[in-house]
Amino acid sequence: MLRSPGTSGGFKLIKWKLAGCTLFITGASRGIGKAIALKAARDGANIVIAAKTAEPHPKLPGTIYTAAQEVEAAGGKALPCVVDIRDEQQIGDAVQKAVDAFGGIDILVNNASAISLTGTLETHMKKVDLMLGINLRGTYLTSKLVIPHLLKSRNPHILNLSPPLNLNPVWFKNHTAYTMAKYGMSMCVLGMAEEFRGQIAVNALWPRTAIQTAAMDMLGGEGVSKQCRKADIIADAAYAILSRPKDYTGHFLVDEEFLREQGVKDFDQYAVQPGHPLLPDFFLDETPESLVEKMEQHGATPAFKPPSSSSATPTSGGPVETTFDAIKGVINEDVVKSTQGIYQFDLSGEHTGVWFLDLKTGSGSVGQGEPPTKADVVMKMDSSDFSKMFSGKLKPTMAFMSGKLKIKGDMTLAIKLEKLMNRMNKAKL
């Protein structure tokens with residue numbers, strides 16, 4: 001058994017389960033990968049930190065070397081390796097270094113991943129190649145090179161951070177390329193679990209809710225963290241999975257459900273802000289209707305819900321014009337200097353129309369119709385949601401991640417716009 005009765009509604013894992021085991025973790029310099037590494041390190045495990053970041057990143061915290069320091073401070077042994085998992089030579093070199101340093105490899109955690117939540121016409125092939133190269137090919141290639149060593153281990157495991165294979169079209173329509181790439185990781189679980197049944201445990205783990213990571217902060221913008229859980233919940237679930245015997249295989253596990261089975265009752269311990277509504281993660285709906293209900297509880301209008309009837313004739317006045325009047329009141333030369341972007345809003349619904357926001361020239365300007373020069377970012381959404389978003393009643397993160405807000409163009413500039421929304425909220429639009 002992995003647990004014994006606890007005294008605080010949780011579970012007590014038997015200590016030192018992973019002592020002396022060697023874990024090869026991709027993308028372990030930060031976020032979920034690092035959290036799993038630190039959890040195993042507290043048992044005295046050996047951790048191979050296989051990631052790209054050797055020099056500090058301007059926007060993302062941590063490198064393979066800072067992660068190695070944390071692993072050793074937690075009680076483990078660390079081997080930092082610069083690895084781009086699209087490069088077979090780099091993976092092979094890191095695997096050999098791991099074997100030379102620790103005598104073998106017992107566990108592979110395929111955590112490295114790339115994401116772009118964009119539609120088919122908006123997704124450049126360079127981004128498609130990146131996602132397929134890291135998520136699908138990288139997972140397959142790393143597994144292929146590590147498996148010969150796992151077969152020599154007493155209790156070998158492969159754990160992929162990937163979702164259950166949910167073929168509901170709603171999870172494809174807004175970001176087909178990302179879904180194909182992420183499901184490629186899950187298909188590796190489906191195939192390899194059966195291929196190596198009785199020899200290697202191969203499982204998948206996915207979060208019930210959004211997890212606070214640097215990547216999530218970049219994707220969701222300011223304020224998203226309070227809607228998330230900490231990476232500790234994934235680390236605890238991964239630890240319990242990796243402590244199981246090798247005949248525990250072929251499972252697509254969701255962190256919260258799996259930990260409840262282990263006896264965990266208190267999930268507030270994992271919340272960034274206990275009591276705050278949590279942002280549901282992708283791919284876990286039982287039916288589209290149930291997902292609609294969950295997302296609407298968080299203030300979003302999912303893209304797959306039947307849209308309200310709209311007029312083809314642009315409507316002037318009303319809440320949209322009021323919103324742009326308020327925007328006009330908060331923009332100035334400083335905002336323009338720090339933003340340097342032109343935005344176009346294609347609005348549907350009750351107040352159909354096209355508007356623009358110029359934060360690139362002079363003191364900034366707004367107006368109805370297309371901007372005088374080509375927009376850097378085009379945002380498409382329902383007019384009612386537009387007003388709610390700028391007044392703070394609808395989180396841009398939820399609107400975007402549910403597919404209601406469609407963004408074409410420079411994503412960095414799109415994220416910058418959230419700062420303007422925050423200024424407007426302070427001005428109590």
Please determine whether the number of non-hydrogen atoms from other residues, nucleotides or ligands lying under 6.0 Å from atom [atom1] of [X] exceeds 12.
| X | atom1 | result |
| --- | --- | --- |
| H124 | NE2 | no |
| Y248 | OH | yes |
| K230 | NZ | yes |
| E88 | CD | no |

Does any part of the side chain of [Y], heavy atoms only, come nearer than 4.5 Å to the side chain of [X], both counted from C-beta?
| X | Y | result |
| --- | --- | --- |
| I241 | L205 | yes |
| F282 | P163 | no |
| I115 | K182 | no |
| L23 | N46 | no |
| D385 | M389 | no |
| R42 | Y239 | no |
| V128 | M125 | yes |
| T142 | V83 | no |

Worksheet entry | Ring centre gap for F324 and F386 strictly below 6.0 Å |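 Yes, the ring centres sit under 6.0 Å apart.
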Worksheet item: Between F258 and H251, is the gap from one ring center to the other below 6.0 Å?
Response: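 No; H251 has its ring centre 6.0 Å or more from that of F258.
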Taking [X] for its side chain and [Y] for its backbone only, find out whether a donor-acceptor pair lies under 3.5 Å.
| X | Y | result |
| --- | --- | --- |
| T176 | T120 | no |
| T209 | C228 | no |
| D358 | G364 | no |
| T339 | V335 | yes |
| D43 | A45 | no |
| D410 | V377 | no |
| W171 | L165 | no |
| N160 | A204 | no |
| E257 | V254 | no |
| Y183 | N166 | yes |

[X] and [Y]: which non-hydrogen atoms are nearest, and at how many Å?
| X | Y | value |
| --- | --- | --- |
| A114 | M131 | O-CG, 3.7 Å |
| A193 | T249 | CB-OG1, 3.7 Å |
| P207 | I234 | CB-CD1, 3.8 Å |
| F24 | A50 | CE2-CB, 3.7 Å |
| P371 | I342 | CB-CG2, 3.7 Å |
| I85 | A112 | CD1-CB, 3.8 Å |

Rounded distance [0.5 Å steps], [atom1] in [X] versus [atom2] in [Y]:
| X | Y | atom1 | atom2 | value |
| --- | --- | --- | --- | --- |
| M379 | I407 | CE | CD1 | 4.5 Å |
| R154 | K246 | CZ | NZ | 11.0 Å |
| I233 | I32 | CD1 | CD1 | 10.5 Å |
| H157 | S243 | NE2 | OG | 7.5 Å |
| I200 | I107 | CD1 | CD1 | 12.0 Å |
| C188 | N110 | SG | CG | 7.5 Å |

Worksheet item: Taking only residues at least two apart or on different chains, which pairs with a member in residues 68-86 satisfy side-chain hydrogen bond (donor to acceptor under 3.5 Å, both in side chains)?
Response: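 Qualifying pairs, neighbours excluded: K34-E70, D84-R86.
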Worksheet item: Would you call the rings of F283 and H175 parallel, tilted or perpendicular, where under 30° means parallel and over 60° means perpendicular?
Response: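 Ring orientation of F283 relative to H175: perpendicular.
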Discussion item. Below 30° counts as parallel, above 60° as perpendicular, anything between as tilted: where do the rings of F345 and Y343 land?
Written reply: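 Rings of F345 and Y343: parallel, under 30°.
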Worksheet item: What residues, two or more places apart in sequence or in another chain, satisfy side chain to side chain contact (heavy atoms under 4.5 Å, CB included) together with D346?
Response: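 For D346, the residues satisfying side chain to side chain contact (heavy atoms under 4.5 Å, CB included) (neighbours in sequence not counted) are Q344, V354, V378, K380.
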Check this for me, if you would: do [X] and [Y] make a salt bridge, where the nitrogen-to-carboxylate-oxygen distance has to be below 4.0 angstrom?
| X | Y | answer |
| --- | --- | --- |
| E256 | R229 | yes |
| D236 | K39 | yes |
| R197 | E194 | yes |

Worksheet entry | side chain to side chain contact (heavy atoms under 4.5 Å, CB included) assessment of I105 paired with V95 | CA-CA 8 Å; I105 299 174; V95 168; 4.0 Å; yes
Fill in: Worked verdict on S29 versus T63 for side chain to side chain contact (heavy atoms under 4.5 Å, CB included)
CA-CA 5 Å; S29 60; T63 69; 5.7 Å; no
Discussion item. Go through it in stages, so that I can follow the logic: the residues are Y178 and T118, the test is side chain to side chain contact (heavy atoms under 4.5 Å, CB included), and I'd like the CA-CA distance, side-chain angles, deciding distance and then a yes or no.
Written reply: CA-CA 8 Å; Y178 172 64; T118 47; over 6 Å; no
Worksheet entry | Partner of D93 under side-chain hydrogen bond (donor to acceptor under 3.5 Å, both in side chains), chosen from Q90, Q89, Q96 |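 Among the candidates, only Q89 passes.
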Have [X] and [Y] got a donor and an acceptor in their side chains that come within less than 3.5 Å?
| X | Y | value |
| --- | --- | --- |
| D255 | Y270 | no |
| S113 | N135 | yes |
| S153 | D106 | yes |

Fill in: Worked check of side chain to side chain contact (heavy atoms under 4.5 Å, CB included) between R208 and F267
CA-CA 12 Å; R208 166 63 62 187; F267 286 88; over 6 Å; no
